[in-house]
Protein chains: 2
Amino acid sequence: MGCANGYPGGVDDDATPERIRALPSWLLARAALRAQRTVAAHLEDAGMRRQHYTVLATLEERGSASQAALGRALGLDRSDLHAIVTALEEDALVTRERDPEDRRRNAVRLTAKGRRALARLQTRIDAAQTELLAGLSATDRRELLRLLDLLVAAG
Amino acid sequence: MGCANGYPGGVDDDATPERIRALPSWLLARAALRAQRTVAAHLEDAGMRRQHYTVLATLEERGSASQAALGRALGLDRSDLHAIVTALEEDALVTRERDPEDRRRNAVRLTAKGRRALARLQTRIDAAQTELLAGLSATDRRELLRLLDLLVAAG
DNA sequence: ACAGCAACGTTGGCGATACCAACGTAGCAG
DNA sequence: CTGCTACGTTGGTATCGCCAACGTTGCTGT
């Protein structure tokens, strides 16, 4: 009668209840947290955050983009993008100039240094994804991407 | 030559680049954000947050638990759990007493009112999950749970 | 018996993230 | 030229996960 709940071992308190562990929103939060920590750890000694990478990658694809366009493409707020571009500009990874064709906009462009930094970041990002998905087969990885994409697209 | 990138339409700037959209960590973050917003919206007029639900649900399963045990079961920090239990106690949903068998611990227990509140919360949580997974078939939902569980267990 | 170590709860604080409100400026449509 | 809209900028808010420190309590080894 020593154990209040009738468990023999006793260390069962550390286990997440099935009721919670079967909750999609909880699992998503947990998995995303792990993903975030993994990516952050891989980018740490590069002094970058994950949004810096996504902005640089988008710029490499677009060539030039306004901050508002970057925000819409990446789901970021204008104010947050302002801070990100400012940081990248201070590191000379991007340039920010008034768009001559629409002087409301800032034309943000990748510099040569930015392009090199992006290449280095890409390596780290790839390593983080590999570590994150280490327990999944190739088929499972594809399935995961498909299902997550469904969820994101429905948003 | 009007369009810098050769796109005819022009509203393509709002689309997330494939390079980003195929990134597991990014998809996880986006999907988790949507899940979080959906749950929060469903719990909003109940004046509760999602961690309140998980704590209440764990207590219903365990009967009694210390704050540290709740933290380990749910992946929450001691300090955060303190705030949660305090809030639940103020609403008389749980009681917090010194555990007579180990006076370092607090024995947190569900009250009758807490049990009723949990039942109401469960309805809202279920509705949120339904809304979240609306675009997925039953098979897809099972697959998603399995894959997310793999990711979380590997953490 | 006692000293040292570990666990617990509590308090206070930090950094990252997502979001919102307001403002001035610039383009655009009626 | 008069609204309306988009844009960038600034500043502020709320949540969340995490960490450090402290006093109390239990356990263990000597």
Side-chain angles (χ1 to χ4, degrees), chain A residues 10-11 13-14 25-26 28-41 43-44 47-55 64-72 74-87 89 94 96-108 155, chain B residues 10-11 13-14 25-26 28-41 43-44 47-52 54-55 64-87 89 94 96-108 155:
Chain A
V11 211
D13 289 355
D14 295 15
S25 58
W26 189 85
L28 273 170
R30 281 279 123 192
L33 184 59
R34 177 159 110 82
Q36 154 62 13
R37 272 195 304 224
T38 305
V39 168
L43 295 186
E44 190 180 22
M48 294 261 165
R49 291 197 289 261
R50 62 194 221 278
Q51 307 290 25
H52 294 180
Y53 163 75
T54 58
V55 166
S64 167
S66 71
Q67 296 174 193
L70 288 170
R72 282 188 300 265
L74 296 172
L76 297 176
D77 191 80
R78 291 207 291 264
S79 56
D80 299 319
L81 233 117
H82 176 264
I84 295 171
V85 172
T86 299
E89 191 184 25
V94 304
R96 171 159 56 179
E97 301 169 347
R98 271 251 128 61
D99 187 335
E101 293 183 359
D102 185 342
R103 305 222 322 280
R104 291 171 302 179
R105 302 181 183 175
N106 282 343
V108 185
Chain B
V11 210
D13 288 355
D14 294 17
S25 58
W26 189 85
L28 273 170
R30 281 279 122 193
L33 185 60
R34 178 159 110 80
Q36 155 63 11
R37 274 194 304 223
T38 305
V39 169
L43 295 185
E44 190 180 21
M48 294 262 165
R49 291 197 288 262
R50 64 194 219 279
Q51 308 290 25
H52 295 181
T54 57
V55 167
S64 167
S66 70
Q67 295 174 194
L70 288 171
R72 282 188 300 265
L74 296 171
L76 297 176
D77 191 82
R78 291 208 290 266
S79 57
D80 299 318
L81 230 107
H82 177 263
I84 295 171
V85 171
T86 298
E89 190 184 27
V94 304
R96 169 159 55 178
E97 301 167 347
R98 271 255 125 63
D99 188 335
E101 294 183 359
D102 186 342
R103 305 219 325 280
R104 289 172 302 181
R105 302 181 182 175
N106 282 344
V108 186

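Protein chains get the first letters and strands the later ones, always in sequence-line order, with residue 1 at the start of each.
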Mind checking salt bridge (Lys or Arg N to Asp or Glu O under 4.0 Å) for [X] and listing every partner two or more places apart, or none if nothing turns up?
X       : result
A:Asp99 : none
A:Arg98 : none
A:Arg96 : A:Glu89

Exercise. Base, sugar-phosphate alone, or nothing: which one does A:Arg30 contact when heavy atoms must sit under 4.0 Å apart?
Worked result: nothing
For this session: Flag the pair B:Ile84 / B:His52 as yes when at least one side-chain heavy-atom distance between them is below 4.5 Å, and no otherwise.
Result: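 B:Ile84 reaches B:His52 side chain to side chain.
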Exercise. How about A:Asn106 and A:Glu97: do any of their side-chain heavy atoms sit closer than 4.5 Å?
Worked result: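 They are not in side-chain contact.
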With a cut-off of less than 4.0 Å, is there a side-chain N or O of [X] near OP1 or OP2 of [N]?
X       : N      : value
B:Arg50 : D:dC16 : yes
B:Arg49 : D:dT15 : yes
B:Gln67 : C:dT10 : yes

Value in whole Å for how far the [atom2] atom of [N] lies from [atom1] of [X]:
X       : N      : atom1 : atom2 : answer
A:Glu97 : D:dC7  : CD    : P     : 19 Å
B:Leu81 : D:dC18 : CG    : P     : 13 Å
B:Gln36 : C:dA18 : CD    : P     : 11 Å
A:Leu76 : C:dT17 : CG    : P     : 10 Å
A:Trp26 : D:dG17 : CH2   : P     : 11 Å
A:Arg37 : C:dG15 : CZ    : P     : 19 Å
B:His82 : D:dG17 : NE2   : C1'   : 17 Å
A:Leu33 : C:dA16 : CG    : P     : 15 Å

Please table the atom pairs, donor to acceptor, closer than 3.5 Å between any side-chain atom in residues 74-83 of chain A and protein atoms at least two apart or in another chain.
residue : atom : partner : partner atom : Å
A:Asp77 : OD2  : A:Ser79 : N            : 3.0
A:Asp77 : OD2  : A:Ser79 : OG           : 2.6

For this session: Write out all pairs satisfying side chain to side chain donor-acceptor pair (under 3.5 Å) with one or both partners inside residues 31-40 of chain A, taking only residues at least two apart or from two chains.
Result: A:Gln36-A:Arg50
For this session: Do nucleotides 20-28 of chain D as a string where each nucleotide becomes B, S or -: B if the base has a protein heavy atom under 4.0 Å, S if just the sugar-phosphate does, - if no protein is that close.
Result: -----BS--
